Enquirer: 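I have a structure here, written as structure tokens, and I will follow up with some questions on it.
Just so it is clear, the structure is predicted and the values come from calculations on it, not from any experiment.
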Amino acid sequence: QVQLVESGGGLVQAGGSLRLSCAASGRTLSSYGMGWFRQAPGKEREFVASISSRGTITYYADSVKDRFTISRDNDKNMVYLQMTSLKPEDTAVYYCAGSTRLYGDSSRYKKDFDYWGQGTQVTVSS
């Protein structure tokens, strides 16, 4: 079983950038499809971005396309989310998620991910 820990969240002004990191322990990430989701207060958890086990397939939510970039370093057991041109509506708790069922593939759907981190808060001020 893999454990996921997010870091890199914080307070940033609109237009700024942040880089989130997801560190995995317990298992190597090379066989896991990985994703980032977010949840704002009073809203459901929503898809942000995902990446296949080898990094060849990526998906993005329309709301973050061209602003966010997901990447991974399997040698370091890390997944990243580079966020640029941040907007107040990006404010949320961001969660890292993974699944061996997504080996070689990626997904936009929460139900396809089995392992979740505790989340990291991102706050974008206007």
Enquirer: Among residues two or more places apart or on two chains, list those pairs meeting disulfide bond (SG atoms under 2.5 Å apart) that have a residue in residues 16-126.
Expert: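 Disulfide bond (SG atoms under 2.5 Å apart) check on residues 16-126 returns C22-C96.
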Enquirer: Quick one: list whatever passes side-chain contact (heavy atoms from CB on, under 4.5 Å) with S30, sequence neighbours left out.
Expert: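 Testing S30 for side-chain contact (heavy atoms from CB on, under 4.5 Å), a comparison that skips the adjacent residues, returns T28, N74.
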Enquirer: Work out which heavy atom in L102 is nearest to a heavy atom in S107; give both atom names and the distance.
Expert: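 Looks like CD2-CB, 3.7 Å.
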Enquirer: For residues 42-54, which residue pairs qualify under side chain to side chain donor-acceptor pair (under 3.5 Å), counting only residues two or more places apart or in two chains?
Expert: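 Only R38-E46, Q39-R45, S50-S106, S52-T56 qualify under side chain to side chain donor-acceptor pair (under 3.5 Å).
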Enquirer: Partners of R67 by side-chain contact (heavy atoms from CB on, under 4.5 Å), sequence neighbours excluded?
Expert: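 For R67 the side-chain contact (heavy atoms from CB on, under 4.5 Å) partners, ignoring immediate neighbours, are V64, T84, S85, K87, D90.
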Enquirer: List in chain and number order the residues that pass side-chain hydrogen bond (donor to acceptor under 3.5 Å, both in side chains) with D66, two or more places apart in sequence or in another chain; answer none if no residue qualifies.
Expert: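 D66 satisfies side-chain hydrogen bond (donor to acceptor under 3.5 Å, both in side chains) with no residue once adjacent residues are dropped.
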Enquirer: Compare every heavy atom of S17 with every heavy atom of Q82, then report the nearest pair and how far apart it is.
Expert: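 So the minimum-distance heavy-atom pair works out to NE2-CB, 4.1 Å.
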Enquirer: Measure from the side-chain N and O atoms of N77 to the backbone N and O of L29, and report whether any donor-acceptor pair falls under 3.5 Å.
Expert: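 Here the side-chain-to-backbone pair exists.
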Enquirer: A side-chain contact here means heavy atoms from C-beta on lying under 4.5 Å apart; do V122 and M83 qualify?
Expert: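 V122 vs M83: side chains touch.
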Enquirer: Between L20 and M34, is there shared hydrophobic-cluster membership here, with clusters defined by ILVMFWY side-chain heavy atoms closer than 4.5 Å?
Expert: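 L20 and M34: one cluster.
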Enquirer: Taking all non-hydrogen atoms of both residues, which atom of L4 and which atom of A24 are closest, and how far apart?
Expert: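 Closest approach of L4 to A24, heavy atoms only: CD2-CB, 3.9 Å.
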Enquirer: Holding to salt bridge (Lys or Arg N to Asp or Glu O under 4.0 Å), I want the full list of residues that pass it with D75, two or more places apart in sequence or in another chain.
Expert: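 So D75 forms no salt bridge (Lys or Arg N to Asp or Glu O under 4.0 Å) with any residue.
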Enquirer: Return the minimal non-hydrogen interatomic distance between R72 and I51, and the atom names on each side.
Expert: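 Minimum heavy-atom contact is NH1-O, 3.7 Å.
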Enquirer: Using the disulfide bond (SG atoms under 2.5 Å apart) rule, collect all pairs that involve residues 25-89, keeping only residues at least two apart or in two chains.
Expert: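 The answer is none; no pair qualifies.
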Enquirer: Which heavy atom of G9 sits nearest a heavy atom of T120, and at what distance?
Expert: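 Residues G9 and T120, closest heavy atoms: N-OG1, 3.2 Å.
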Enquirer: With sequence neighbours excluded, give me every salt bridge (charged side-chain N to carboxylate O under 4.0 Å, His left out) pair touching residues 5-27.
Expert: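 Sorted pair list comes back empty.
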Enquirer: May I ask you to check whether E89 and T91 show a side-chain donor-acceptor distance below 3.5 Å?
Expert: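 No.
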Enquirer: Does anything in residues 33-83 pair up under ring pair (Phe, Tyr, Trp, His ring centres under 6.0 Å), and if so which pairs, sequence neighbours excluded?
Expert: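 For residues 33-83: F37-F47, F37-F113, F37-W116.
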Enquirer: Please name all residues satisfying salt bridge (Lys or Arg N to Asp or Glu O under 4.0 Å) with R101, sequence neighbours left out, ordered by chain then number.
Expert: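 R101: salt bridge (Lys or Arg N to Asp or Glu O under 4.0 Å) contacts with D114.
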Enquirer: Please list all pairs meeting disulfide bond (SG atoms under 2.5 Å apart) that have one or both residues in residues 54-95, counting only residues at least two apart or in different chains.
Expert: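 Non-adjacent pairs meeting disulfide bond (SG atoms under 2.5 Å apart): zero.
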Enquirer: Answer yes if I57 and Y32 sit in the same cluster of Ile, Leu, Val, Met, Phe, Trp and Tyr residues linked by side chain heavy atoms under 4.5 Å apart, and no otherwise.
Expert: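 No; tracing contacts between hydrophobic side chains, which count when under 4.5 Å, never links both residues.
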Enquirer: List in chain and number order the residues that pass side-chain contact (heavy atoms from CB on, under 4.5 Å) with Q1, two or more places apart in sequence or in another chain; answer none if no residue qualifies.
Expert: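 Q1 satisfies side-chain contact (heavy atoms from CB on, under 4.5 Å) with Q3, Y115 once adjacent residues are dropped.
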Enquirer: How many angstroms lie between NZ in K111 and OG in S99, if you round to the nearest 0.5 Å?
Expert: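 The OG atom of S99 is 10.5 Å from NZ of K111, to the nearest 0.5 Å.
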Enquirer: Please name the pair of heavy atoms, one in A14 and one in S126, separated by the smallest distance, quoted to 0.1 Å.
Expert: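 For A14 versus S126, the nearest heavy atoms are CB-CA, 4.4 Å.
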